[in-house]
Structures are given as structure tokens and as C-alpha cells.
Amino acid sequence: QSFLGSRSSKTFKPKKNIPEGSHQYELLKHAEATLGSGNLRQAVMLPEGEDLNEWIAVNTVDFFNQINMLYGTITEFCTETSCSVMSAGPRYEYHWADGTNIKKPIKCSAPKYIDYLMTWVQDQLDDETLFPSKIGVPFPKNFMSVAKTILKRLFRVYAHIYHQHFDSVMQLQEEAHLNTSFKHFIFFVQEFNLIDRRELAPLQDLIEKLGSKDR
């Protein structure tokens, strides 16, 4: 068991599993297979005859798991001291509010913010009325706006990792993993217009670089 092997299996929060044998599980398998082909633009497209909500749901769960794992590898470098505010470079700072428990945005450290954020996402993913896992249970009318909020917030974890912890990511030789995951995420949200351009500003240069390589 190598040092890195033991680290990279550590997730920040428990992994969210899609039930095996379910249609969503088949969709996830399809997504993994097309990703393997290396063409990410194609891999994010809605498969023929599939439901858009379901496709977005499956991928949102997958991105949650990926970010969970990526952040899990660097938690020891993201501390109350090193990251006393949740930022993505000097120009972007995030304050936490979830609209229910915390209505007025609070300033908090990055580890605290990411803990709030990932717990909040987890609660949404576990809510059967929002993310139905059973066949034939319809998605709620507001599903798109829920998914958009989740993805907008997950983006902030990537932004924080890139801006504040990229050195650690390089030392751990996880940069290829991080870049592939982020590129997949960006192509996905671009394909379905899920995150406002203004929200993507902290990583705009990187996003343009990733996009230009792929035309």
C-alpha cells in the first residue's frame, strides 16, 4: 500500500453511490465509457433518447464524488491558518449561506466553507424528492435551478484548489487528475449552460486554455 495510494482513496465526505442495476447506473456507465474515448465534448452530450434531468443528475453526483476525492487529497494543506477565508485568488472571496440554516452570508475559513458546502450538496443528493433514484419517480419542477446551484457551488471548490493549493496538487502528482476532472466539469456546464459566466471568472484563463486545446 503506497503512501499515495492510501491518500487518493480518502474522500472528504462519504462517496455518494448510484444504485447498481438502476437506469441511472447504466447512464453513469455510459458516461464513463464515452469519457474513455478521450473526446470530452462528445462525452458530455445528452445521449440519444435520454432525459435531460436524469443526465444532469447522474453527472452532478459524479462531479460531487470527484471533487470530494480531489479535495480529500489536500485537506491537510487547507487549514484554518493557511486558508482563513474561502477565496479563489485575491479578487474572489466567498461567504457561506444555504438559505435555510444560514440565511445571511457568513465569512468563514475555506475548510469550514467547503465542509458546509459539501454537506449541503450531500443533503440535496440524498433527498429523494430532488434526486429521485427510483424508476418512474419524476424530477421536481425546480430541478434545473437546484442542479445549477449545486454546480455553481462545486465550481468554487475547484477554484479554491487551483488558486490556493495547486503547488500541493503538483507535489502529489494529482494535476493531470485535477485538470481532467475540471475540464470534464467545464465542458458539461457549458454544454447545458448551467453556470453563469460571471461565476466562472476566477478560472476564466484556465477555461479558455482548456477549450482552445479541444477545438
Side-chain angles (χ1 to χ4, degrees), residues 8-73 98 114 117-159 161 176-196 199-200 203 207 210-211 214:
S8 54
S9 60
K10 185 179 102 185
T11 59
F12 177 58
K13 297 273 170 202
K15 189 172 186 293
K16 171 77 183 160
N17 287 315
I18 290 177
E20 251 180 273
S22 67
H23 182 63
Q24 292 184 10
Y25 188 78
E26 297 308 311
L27 271 182
L28 183 64
K29 288 280 157 261
H30 169 87
E32 283 168 0
T34 42
L35 275 177
S37 74
N39 183 340
L40 282 172
R41 288 259 183 237
Q42 208 179 337
V44 296
M45 288 175 187
L46 179 66
E48 210 176 320
E50 292 297 346
D51 175 53
L52 179 61
N53 284 346
E54 195 156 36
W55 182 238
I56 288 176
V58 165
N59 282 278
T60 301
V61 170
D62 192 36
F63 290 127
F64 167 78
N65 285 333
Q66 288 182 41
I67 291 166
N68 203 356
M69 218 166 80
L70 288 162
Y71 185 67
T73 59
D98 57 15
I114 293 171
L117 187 154
M118 295 301 269
T119 305
W120 176 84
V121 172
Q122 212 172 14
D123 290 344
Q124 311 284 310
L125 299 180
D126 286 339
D127 184 342
E128 282 288 329
T129 62
L130 289 178
F131 281 78
S133 60
K134 295 176 185 59
I135 297 282
V137 176
F139 282 85
K141 295 266 186 293
N142 65 334
F143 176 74
M144 262 313 192
S145 68
V146 170
K148 283 178 175 176
T149 306
I150 291 174
L151 293 164
K152 174 179 83 177
R153 290 180 170 173
L154 287 175
F155 168 81
R156 295 170 181 176
V157 186
Y158 282 120
I161 294 173
H177 185 177
L178 174 65
N179 288 340
T180 305
S181 174
F182 180 64
K183 187 173 180 179
H184 179 202
F185 178 88
I186 283 302
F187 284 10
F188 187 81
V189 299
Q190 285 174 340
E191 173 74 14
F192 304 106
N193 284 322
L194 298 168
I195 302 181
D196 197 304
E199 285 284 339
L200 299 174
L203 293 177
I207 291 169
L210 293 174
D214 229 70

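What you are looking at is a predicted structure, and each value in this text was computed from that prediction instead of being measured. Heavy-atom basis, side chains included; hydrogens, waters and symmetry copies ignored.
Residues forming a side-chain contact (heavy atoms from CB on, under 4.5 Å) with P19 (at least two apart in sequence, or on another chain): S22, S133. Evaluation of the side-chain hydrogen bond (donor to acceptor under 3.5 Å, both in side chains) rule for T119 yields K13, D115 as partners, not counting sequence neighbours. In this structure H184 satisfies the ring pair (Phe, Tyr, Trp, His ring centres under 6.0 Å) test together with F63, sequence neighbours excluded. For Q122, the side-chain hydrogen bond (donor to acceptor under 3.5 Å, both in side chains) test picks out no residue, with sequence neighbours left out. A search for salt bridge (charged side-chain N to carboxylate O under 4.0 Å, His left out) contacts involving D127 returns nothing, not counting sequence neighbours. Partners of D123 by side-chain hydrogen bond (donor to acceptor under 3.5 Å, both in side chains), not counting sequence neighbours: none found. Taking F143 as the reference, F131, F139 meet the ring pair (Phe, Tyr, Trp, His ring centres under 6.0 Å) condition, with sequence neighbours excluded. Under the side-chain hydrogen bond (donor to acceptor under 3.5 Å, both in side chains) criterion, K29 pairs with E32, not counting sequence neighbours. In this structure, K148 has no salt bridge (charged side-chain N to carboxylate O under 4.0 Å, His left out) partners at least two apart in sequence or on a different chain. Every residue was checked against the salt bridge (charged side-chain N to carboxylate O under 4.0 Å, His left out) condition with R153, not counting sequence neighbours, and none meets it. For E20, there are no salt bridge (charged side-chain N to carboxylate O under 4.0 Å, His left out) partners at least two apart in sequence or on another chain.
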Stepwise side chain to side chain contact (heavy atoms under 4.5 Å, CB included) test for M69 and H177: CA-CA 10 Å; M69 218 166 80; H177 185 177; 3.6 Å; yes
Derivation and outcome, side chain to side chain contact (heavy atoms under 4.5 Å, CB included), residues F192 and M45: CA-CA 9 Å; F192 304 106; M45 288 175 187; 5.8 Å; no
Check against side chain to side chain contact (heavy atoms under 4.5 Å, CB included), I186 and L200: CA-CA 9 Å; I186 283 302; L200 299 174; 4.0 Å; yes
Working for side chain to side chain contact (heavy atoms under 4.5 Å, CB included), residues V58 and H30: CA-CA 11 Å; V58 165; H30 169 87; over 6 Å; no
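For the atom pair CZ (F64) and CE (M118), the distance works out to 4.5 Å, reported to the nearest 0.5 Å. Between L52 atom CG and I56 atom CD1 the span is 4.0 Å, to the nearest 0.5 Å. Rounding to the nearest 0.5 angstrom, the gap separating the CZ atom in F185 from the CG atom in L210 is 12.5 Å. Between N59 atom CG and L27 atom CG the span is 8.5 Å, to the nearest 0.5 Å. To the nearest 0.5 angstrom, F188 atom CZ is 7.0 Å from L151 atom CG. Atom CD1 of I150 sits about 10.0 Å away from atom OG of S145, to the nearest 0.5 Å.
N65 contributes no side-chain N or O that, together with a main-chain N or O of K15, makes up a donor-acceptor pair within less than 3.5 Å.
Legend: salt bridge (charged side-chain N to carboxylate O under 4.0 Å, His left out) pairs involving residues 45-72, not counting sequence neighbours: none detected.
Among all heavy-atom pairs drawn from S181 and L70, the shortest one is OG-CD1, 3.6 Å. Closest of all the heavy-atom pairs between A159 and L203 is CA-CD1, 3.6 Å.
Of the charged side-chain nitrogens involved, at least one lies within less than 4.0 Å of a carboxylate oxygen, so that R156 and E199 count as a salt-bridged pair.
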